[in-house]
Structure formats: C-alpha cells, structure tokens
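Working notes for the structure below.
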Amino acid sequence: MSVNLALLDTSFDMCIKCTVCTTKCPVAEVQPDYPGPKQSGPDGERWRIKGEGFYDESLKYCTNCKRCEVACPSGVEIGSIIQKAKVRSGRHKPKIRDYILSHTDLMGAVATPVAPVVNMVTKVKPVRKLMDKVLDIDERPALPTYSWQTFRQWFKKDAPDQTGFKRQITFYHGCYINSNDTTVGKDLVKVLNAMNIGVQLLKKEKCCGVPLIANGFMDKAQSNAKLNTEQFREALEGDSECVISTSSSCSMTIRDEYHKLLEVDNRELVDRIFFFNTFLVKEFEQGNLPEMKPVKIKIAYHSPCHLIRVGGIVFTLEILRRIPGVELHMLDQRCCGQAGTYGFKKENYETSQEIGAPIFDQINKINPDFVVTDCEACKMQVESSTDYKVLHPLSVLARAL
Ligand code: SF4
Ligand code: SF4
C-alpha cells in the first residue's frame with residue numbers, strides 16, 4: 001500500500017536516537033504492549049514511509065499527551081507523527097462509542113435540554129453496566145454531567161452588559177464550558193470585567209476538534225477548524241483585541257494543531273489567540289491587576305500535559321501566587337491518565353488509572369481544600385479517582401474579587 005504524503009510529518013528525520021522521549025512517556029511506563037515514542041514515532045515512521053504494511057497496531061495506545069515532544073532535544077513532533085500515522089493507516093475505524101465520546105457539540109445539544117434526567121440516568125449502575133457491555137464505555141469512571149442552561153444562554157440572558165467596556169476581547173468557550181460546566185466561563189467574565197475588559201462571544205463556534213482527532217474523525221475536526229478559524233478572523237477584524245480560551249487542550253489545538261495537523265492555515269492569527277493565563281499575566285505586569293481580598297484555601301496544582309507542551313505552566317503559577325491567602329502546593333508534573341476520552345474507554349481504563357495513581361496518592365497526602373488545574377479532562381479524572389473537588393485557576397481568582 002502506498003503512503004499518503006500529505007499526512008507525513010518529516011520531523012522524524014531530526015531524531016538523534018537519544019531515547020529521552022521514551023523515559024518520559026506515561027503510557028510506556030505502565031503498558032508493556034506499548035514500545036514507546038521513539039519506536040512508535042520516528043523509528044516506526046522510517047519503516048511506514050516504505051509502505052503502510054509496516055504499520056504497528058500498538059500505536060493505538062498513544063494518548064497524544066505530547067510529553068515526548070517536550071522532552072525531545074531535536075524538535076521531533078512525535079505525538080503528531082503517531083496521530084498522522086494512525087489516520088493514514090485507516091485501520092482504527094471509529095466505533096459508535098467513539099462517535100458518542102467525540103461529538104461533544106451534538107451530545108451537548110441533545111443532553112442540555114434534559115440535563116437533570118441525563119445526569120441521573122448516567123449514574124444508575126445497571127445503565128453503566130449496559131454501556132460497558134454494549135458500548136465499551138467503562139462503567140467505573142464518572143461521566144461528565146450536563147448543565148440545564150448552556151453558557152451561551154446564560155451569556156445572552158443573564159451576563160452583565162458588556163457593551164460599556166472600552167476594551168473588548170472574544171471568548172472561545174469550547175464545548176465543555178457551554179454544555180457541561182459553565183462556571184469557568186462565568187468566572188472569566190467576572191475577572192475580566194473587574195479589570196475593565198468586556199467579553200464578546202463568537203457568532204458561532206464548534207468544538208476545537210481535540211476529541212475528534214483522538215477518535216479518528218479527522219474530516220469533522222478539519223471542518224470545525226475551518227469554521228472556528230473563520231470566526232476568529234471575523235472577530236479580530238472587528239473591535240476585539242484578541243481571542244481567549246480557558247481550556248489548555250482547546251487552546252493548544254486552535255493555535256497550533258489547526259495548521260500543523262489539520263492543514264487549516266491560521267498562522268496569521270495565532271499571535272492574537274491566547275490562553276487566559278498569558279493574557280492575564282501580561283495585563284497584571286502592565287498594572288491592570290483586579291483588587292483582591294484574601295482567599296484562605298490550600299490548593300494542590302496539577303499541570304495539564306498540553307499546557308506543559310506550550311510552556312504555559314509558569315503563567316498559571318504566576319496568577320495563583322498573586323492571589324492573597326492561597327497556600328499553593330505543586331503536584332509532580334505527571335500525566336493524570338485521562339487524556340480526553342482515553343480513560344473512559346474500557347480497553348484503556350486500567351492503564352489510565354495506573355498512569356494517574358502517583359498523582360492521586362500525592363493529592364491524598366497533601367489533603368488540599370481543592371485541586372486546581374486548567375484542563376477539564378484532568379478535572380474529570382481527579383474528581384472521579386479521588387474525593388477532592390477540582391477548580392479552574394480562574395475560579396480561585398474569581399473567589400478573591
Ligand atoms: S504523545 Fe504521550 S503517550 Fe504518545 S508517545 Fe508521546 S508521551 Fe507517549
Ligand atoms: S527524544 Fe527526540 S531525538 Fe531523542 S529518541 Fe526521542 S524523538 Fe529521537
């Protein structure tokens with residue numbers, strides 16, 4: 001079988017075979033059937049380029065956490081090489097389960113009008129057993145709950161009037177904030193308004209595409225990327241200073257993966273698309289710091305893999321350190337194991353829990369009032385695997401206002 005050259009990432013050629021990436025792969029650490037990033041990424045690609053007959057089934061274990069890319073001294077985009085190889089091979093035909101887990105906009109539209117019923121039903125043990133048996137969605141992890149009022153509905157009806165602010169930014173809320181937990185979106189509005197900045201929403205937006213990419217729906221991910229990029233362009237041509245996202249995975253995807261992985265050229269826009277933390281730290285440094293009162297809480301901060309990938313942890317820590325009264329404990333920079341939809345799948349649940357176990361143990365030892373992280377998937381995993389509630393850094397900041 002020949003190779004689709006459009007889906008080749010030639011950065012494999014820069015590999016110097018140092019093996020550092022393999023020492024940092026959370027999956028290779030616990031899953032003996034996974035040979036690790038060096039072998040699955042650049043080494044395997046040298047074979048796969050000869051023909052897709054050299055494809056290795058173990059690539060399915062990669063979570064695309066990108067920890068290997070952070071470790072690589074040669075700039076090999078190992079996670080992307082593996083994702084593209086999976087797509088080229090066409091062997092991982094998505095199941096109904098993968099469709100349900102990855103089409104988050106559709107699931108949100110169906111579930112939010114009847115959220116209390118959906119939230120109740122998905123907690124019922126026989127229902128979970130049935131989902132486990134029929135759909136291969138593991139019965140053990142807690143599934144995301146839905147909000148009866150979407151963030152967009154709240155923003156339209158109940159958000160404070162934003163038109164009075166001289167400065168305006170556009171908020172890309174993503175599917176989780178819109179349909180599952182609207183808190184972080186409301187807190188962003190509260191924080192930015194306290195800094196005299198108004199918030200606008202895009203006329204329309206779609207899921208960033210990260211669960212679609214992970215589950216093999218590349219065409220749908222690409223069409224979402226095209227729509228979102230058009231919307232970003234329109235907003236930035238208007239009176240918006242920039243586009244802000246509050247989810248670390250959405251942020252990495254809409255800035256970097258659109259042009260690297262999905263071939264949607266957004267490069268002229270990326271300097272004006274920010275993760276909330278870089279935007280806030282820049283404002284703080286220019287003297288635009290909201291007035292804060294002490295928040296007496298002990299928090300344990302968990303670093304999401306995709307925020308580590310873009311070098312963004314330092315900015316979140318800078319925000320948390322500026323909130324008076326907060327007792328901040330840093331958790332080791334390890335993957336929590338959830339990796340978006342990976343930990344919900346029956347075949348991955350044990351691996352996902354084994355990856356996250358050291359983090360769960362450390363949280364239990366610290367015994368914080370809250371765990372804090374910038375990623376909704378990490379939040380779901382920690383809340384499902386420990387007794388602790390997880391807050392977004394913006395929600396800690398909003399408590400201080
Ligand atoms: S992306 Fe993550 S899981 Fe995949 S090879 Fe790299 S470190 Fe391992
Ligand atoms: S860390 Fe980079 S250079 Fe070293 S083996 Fe892995 S891919 Fe190759």
Side-chain angles (χ1 to χ4, degrees), residues 25-37 40 55-67 79 82-83 85-87 89-108 111 118 121-146 175-176 180 207-218 220-221 249 253 304-306 334-357 359-360 375-385:
C25 175
V27 178
E29 203 176 323
V30 301
Q31 171 53 268
D33 295 334
Y34 187 55
S40 303
Y55 185 81
D56 181 346
E57 285 300 325
S58 68
L59 262 57
K60 69 182 176 203
Y61 292 115
C62 171
T63 64
N64 198 23
C65 71
K66 297 194 180 284
R67 286 187 173 252
I82 295 172
Q83 295 315 302
K86 283 199 234 178
V87 175
S89 83
R91 294 187 200 199
H92 299 288
K93 291 277 175 257
K95 303 177 181 180
I96 296 176
R97 180 270 314 266
D98 303 330
Y99 187 94
I100 293 170
L101 290 176
S102 62
H103 285 61
T104 48
D105 288 328
L106 177 63
M107 291 303 134
V118 174
V121 168
T122 50
K123 284 192 185 88
V124 175
K125 279 202 171 147
V127 174
R128 292 302 304 271
K129 280 200 181 303
L130 191 68
M131 289 169 80
D132 186 301
K133 212 170 171 45
V134 178
L135 295 173
D136 286 340
I137 295 176
D138 198 281
E139 62 181 292
R140 290 165 283 185
L143 293 176
T145 54
Y146 287 91
C175 44
Y176 184 79
N180 300 98
C207 161
C208 68
V210 82
L212 296 163
I213 295 167
N215 286 282
F217 296 96
M218 294 301 269
K220 174 74 179 140
S249 293
T253 306
C305 296
H306 288 166
R334 298 183 65 100
C335 176
C336 73
Q338 176 61 28
T341 58
Y342 187 89
F344 292 131
K345 298 178 180 176
K346 197 171 172 177
E347 67 274 21
N348 298 333
Y349 179 75
E350 301 286 349
T351 304
S352 156
Q353 286 293 301
E354 257 190 272
I355 292 172
I359 289 288
F360 312 147
C375 168
E376 57 274 9
C378 303
K379 171 184 163 74
M380 287 188 260
Q381 172 84 326
V382 171
E383 289 187 343
S384 181
S385 311

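Scope of the values below: all heavy atoms of this structure, side chains included, with no hydrogens, waters or symmetry mates.
With sequence neighbours excluded, the residues forming a ring-ring contact (aromatic ring centres under 6.0 Å, His included) with Phe217 are Tyr99, His103, listed by chain and number. For Thr104, the side chain to side chain contact (heavy atoms under 4.5 Å, CB included) test picks out Cys175, Cys207, Pro211, with sequence neighbours left out. For Lys129, the salt bridge (charged side-chain N to carboxylate O under 4.0 Å, His left out) partners two or more places apart in sequence, or in a different chain, are Glu139. Residues meeting the side-chain hydrogen bond (donor to acceptor under 3.5 Å, both in side chains) test with Lys123, sequence neighbours left out: none. By the side chain to side chain contact (heavy atoms under 4.5 Å, CB included) test, Leu143 is found to be paired with Thr122, Arg128, Met131, Ile137, Phe344, residues two or more places apart in sequence or in another chain being considered. Evaluation of the side chain to side chain contact (heavy atoms under 4.5 Å, CB included) rule for Cys378 yields His302, Pro304, Cys336, Thr373, Cys375 as partners, not counting sequence neighbours. Applying the side chain to side chain contact (heavy atoms under 4.5 Å, CB included) rule to Glu350 yields the partners Arg140; only residues at least two apart in sequence or on another chain are considered. Not counting sequence neighbours, the partners of Ser352 by the side-chain hydrogen bond (donor to acceptor under 3.5 Å, both in side chains) test are Gln381. Residues meeting the side-chain hydrogen bond (donor to acceptor under 3.5 Å, both in side chains) test with Thr341, sequence neighbours left out: Asn215. Applying the side-chain hydrogen bond (donor to acceptor under 3.5 Å, both in side chains) test to Tyr349 and every residue at least two apart in sequence or in another chain returns nothing. With sequence neighbours excluded, no residue forms a salt bridge (charged side-chain N to carboxylate O under 4.0 Å, His left out) with Lys86. Contacts of Lys95 classified as salt bridge (charged side-chain N to carboxylate O under 4.0 Å, His left out), with partners at least two apart in sequence or in another chain: Asp136.
His306 places a side-chain N or O within donor-acceptor distance of the main-chain N or O of Asn64, the cut-off being under 3.5 Å. Formation of a donor-acceptor pair under 3.5 Å by the Asp132 side chain with backbone atoms of Asp138 is not found in this model.
For the atom pair SG (Cys25) and NZ (Lys66), the distance works out to 13.0 Å, reported to the nearest 0.5 Å. The distance from the CG atom of Leu135 to the CG atom of Leu130 is 7.5 Å, given to the nearest 0.5 Å. In this structure, the separation between CD1 on Ile82 and OG on Ser58 is 8.5 Å, given to the nearest 0.5 Å. Here the OG1-CD distance, from Thr63 to Gln83, works out to 8.5 Å after rounding to the nearest 0.5 Å.
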| What's the verdict on side-chain contact (heavy atoms from CB on, under 4.5 Å) for Met107 and Leu101, showing C-alpha distance, side-chain angles and the deciding distance? | CA-CA 8 Å; Met107 291 303 134; Leu101 290 176; over 6 Å; no
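Closest of all the heavy-atom pairs between Cys335 and Ile359 is O-CG1, 4.2 Å. Nearest approach of Leu212 to Ser102, heavy atoms of both residues: CD2-O, 3.6 Å. The heavy-atom pair separating Tyr342 from Gly337 by the smallest distance is CD2-O, 4.0 Å. Here the closest non-hydrogen pair linking Gly108 and Tyr146 is CA-CE2, 3.8 Å. When all heavy atoms of Ile213 and Ala221 are compared, the closest pair comes out as CG1-CB, 3.8 Å.
With respect to the salt-bridge test (charged N to carboxylate O, under 4.0 angstrom), the residues Glu29 and Arg67 do not qualify.
Within the 4.5 Å cutoff, the side chain of Ser40 has no heavy atoms near those of the Tyr61 side chain.
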